[in-house]
Amino acid sequence: MAVSTIYSTQALNSTHFFTSSSSSKQVFFYRRQTNRRFNTIITCAAQQTVVIGLAADSGCGKSTFMRRLTSVFGGAAEPPKGGNPDSNTLISDMTTVICLDDYHSLDRTGRKEKGVTALDPRANDFDLMYEQVKALKSGIAVEKPIYNHVTGLLDAPELIQPPKILVIEGLHPMFDERVRDLLDFSIYLDISNEVKFAWKIQRDMAERGHSLESIKASIEARKPDFDAFIDPQKQYADAVIEVLPTQLIPDDNEGKVLRVRLIMKEGVKYFSPVYLFDEGSTVSWIPCGRKLTCSYPGIKFNYAPDSYFDHEVSVVGWTGNSIDWTS
């Protein structure tokens with residue numbers, strides 16, 4: 001959906017392009033059908049690197065979302081071959097994903113000594129971030145630093161070649177105006193506090209060995225910085241994905257069923273918001289149970305025009321369990 005939404009791809013055997021807002025160079029996307037029943041392949045011939053920014057708080061699913069995004073363009077995203085095994089960079093056929101944690105100017109010990117979190121701009125090198133994203137967008141390779149999440153230290157840099165599509169994901173892709181102006185498209189993952197807490201516990205306890213008490217303390221300690229430096233970035237995003245508790249189950253405390261809202265800014269060049277049935281209408285739709293299989297509590301879709309930070313937007317929402325369309 002990301003490609004057909006962003007680039008308004010309508011035909012399976014056609015060529016689509018957009019011109020980067022920062023120059024007259026063009027980027028062509030080709031979509032060809034490989035099998036009538038299955039997926040199509042997206043290929044790209046780019047004269048200039050396309051830059052996509054993905055912002056969210058820690059533990060909000062940036063990595064999972066990014067892997068789905070890069071898979072649309074082909075190939076599995078993997079760390080650079082023969083490089084630092086603790087590298088945060090992921091490379092697929094056409095896409096390179098850079099984690100903006102690599103631009104921390106303070107390691108874990110340094111942040112503790114200065115009493116700042118990784119969300120604080122003082123703990124990040126935005127000058128270097130801007131210069132290196134600008135260089136990659138212009139086709140110039142860079143020696144990018146590596147922040148080691150295991151040791152909390154800054155490792156030796158790694159060589160990054162300019163890809164056809166560069167995704168910068170992390171806490172601050174839209175914080176610095178200079179970096180923000182380099183983005184061809186921007187996405188913000190807005191995860192509600194209830195969902196964020198559940199996800200962060202699952203990740204940090206299972207993958208990083210943190211205790212429940214330390215996770216709770218970390219969330220509380222980071223919240224003021226999140227509210228000040230991360231959350232405001234969503235006003236600049238071309239698309240915001242909100243993940244919220246369901247409204248289908250009264251007094252639901254398990255959090256297994258979620259509600260999602262896709263907020264799409266109107267008037268963005270080369271981006272056509274998706275809609276249900278009739279563009280500009282207000283639609284609430286519960287699919288017929290005879291045409292799909294879906295466990296309790298079912299599924300519901302809605303669509304409507306709205307406003308968001310004084311921008312006109314289109315909003316598509318859905319809530320419920322996963323479905324299996326049979327017709």
| message | Between Leu54 and Leu189, does the side chain to side chain contact (heavy atoms under 4.5 Å, CB included) criterion hold? Intermediate values first, please. | response | CA-CA 8 Å; Leu54 173 62; Leu189 301 184; 3.8 Å; yes
| field | Worked check of side chain to side chain contact (heavy atoms under 4.5 Å, CB included) between Arg68 and Val72 | value | CA-CA 7 Å; Arg68 299 290 178 86; Val72 170; over 6 Å; no
| request: I would like to know whether Val167 and Thr95 meet side chain to side chain contact (heavy atoms under 4.5 Å, CB included); could you show each step before the answer? | output: CA-CA 7 Å; Val167 180; Thr95 307; 3.8 Å; yes
| request: Apply the test side chain to side chain contact (heavy atoms under 4.5 Å, CB included) to residues Ile168 and Leu183: give CA-CA distance (whole Å), side-chain angles for both, the deciding distance (0.1 Å), then the verdict. | output: CA-CA 9 Å; Ile168 59 171; Leu183 301 179; 3.7 Å; yes
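A 4.5 Å side-chain heavy-atom check between Pro145 and Gln132 finds at least one atom pair inside the cut-off. Within the 4.5 Å cutoff, the side chain of Ile160 has heavy atoms near those of the Thr96 side chain. Residues Ser92 and Phe73 fail the side-chain proximity criterion, which asks for heavy atoms closer than 4.5 Å. Pro79 is listed as a side-chain neighbour of Leu90, based on a closest heavy-atom distance under 4.5 Å. Residues Ile299 and Pro287 are in side-chain contact: their nearest non-hydrogen atoms beyond the backbone lie under 4.5 Å apart. Within the 4.5 Å cutoff, the side chain of Ser186 has no heavy atoms near those of the Gln233 side chain. Contact of the Arg222 side chain with the Asp57 side chain is registered, since non-hydrogen atoms from C-beta on lie closer than 4.5 Å. Considering only heavy atoms from C-beta on, Pro305 comes within 4.5 Å of Thr282 through its side chain.
Legend: salt bridge (charged side-chain N to carboxylate O under 4.0 Å, His left out) pairs involving residues 103-131, not counting sequence neighbours, sorted by first then second residue: Asp120-Arg122, Asp127-Arg178. Screening residues 75-119 for ring-ring contact (aromatic ring centres under 6.0 Å, His included) gives His104-Tyr147 as the qualifying pairs, with residues at least two apart or on separate chains. Legend: salt bridge (charged side-chain N to carboxylate O under 4.0 Å, His left out) pairs involving residues 228-245, not counting sequence neighbours, sorted by first then second residue: Asp190-Lys234, Asp231-Lys234, Glu242-Arg261.
Taking CG from Asp176 and CG from Asn124, the interatomic distance works out to 10.5 Å, rounded to the nearest 0.5 Å. The CG atom of Leu258 lies 7.5 Å from the OG1 atom of Thr319; values are rounded to the nearest 0.5 Å. Asp102 contributes atom CG, which lies 4.5 Å from atom CG of Asn88 (distance to the nearest 0.5 angstrom). Put simply, CD on Glu158 and OG1 on Thr89 are 3.5 Å apart, with the number rounded to the nearest 0.5 Å. Put simply, CG on Asp86 and CD1 on Ile146 are 8.5 Å apart, with the number rounded to the nearest 0.5 Å. In this structure, CG in Leu100 is found 9.0 Å from NE2 in His172, a value given to the nearest 0.5 Å.
Val283 and Met264 fall within a single hydrophobic cluster, where Ile, Leu, Val, Met, Phe, Trp and Tyr side chains are chained together by heavy-atom contacts under 4.5 Å. If you chain together hydrophobic residues whose side chains sit under 4.5 Å apart, Leu128 and Ile140 never meet in one group. Leu106 and Phe126 end up in different hydrophobic clusters when Ile, Leu, Val, Met, Phe, Trp and Tyr side chains are linked at under 4.5 Å. Linking Ile, Leu, Val, Met, Phe, Trp and Tyr whenever their side-chain heavy atoms come within less than 4.5 Å leaves Phe301 and Ile286 in two separate clusters. Cluster membership for Leu244 and Ile263, using ILVMFWY side-chain heavy atoms within less than 4.5 angstrom, is not shared.
More than 12 heavy atoms of other residues, nucleotides or ligands shown are found within 6.0 angstrom of CD on Gln235. No more than 12 heavy atoms of other residues, nucleotides or ligands lie within 6.0 Å of CD in Glu177, so this atom counts as exposed by the packing criterion.
For the pairing with Tyr303, the side chain to side chain contact (heavy atoms under 4.5 Å, CB included) check across Phe277, Tyr275, Trp285, Trp318 returns one residue only, Tyr275.
Gln48 places no side-chain N or O within donor-acceptor distance of the main-chain N or O of Gly139, the cut-off being under 3.5 Å. Thr117 places a side-chain N or O within donor-acceptor distance of the main-chain N or O of Leu119, the cut-off being under 3.5 Å. No donor-acceptor pair closer than 3.5 Å links the side chain of Ser87 to the backbone N or O of Asn84. When atom types are taken as modelled, the side chain of Glu266 and the backbone of Glu312 share no donor-acceptor pair closer than 3.5 angstrom.
Shown here for Asp184 and Thr49, the closest heavy-atom pair between the two residues is OD2-O, 4.0 Å. The two residues Cys99 and His149 have their closest heavy-atom pair at SG-CE1, 4.4 Å. Shortest non-hydrogen contact noted between Val240 and Ala237 is CG2-CB, 3.9 Å. Closest non-hydrogen pair, Leu182 versus Lys134, comes out as CD1-N, 3.6 Å. Leu136 and Ala141 get closest at one heavy-atom pair: CD2-CA, 4.4 Å. Nearest approach of Ala55 to Lys62, heavy atoms of both residues: C-CD, 4.4 Å.
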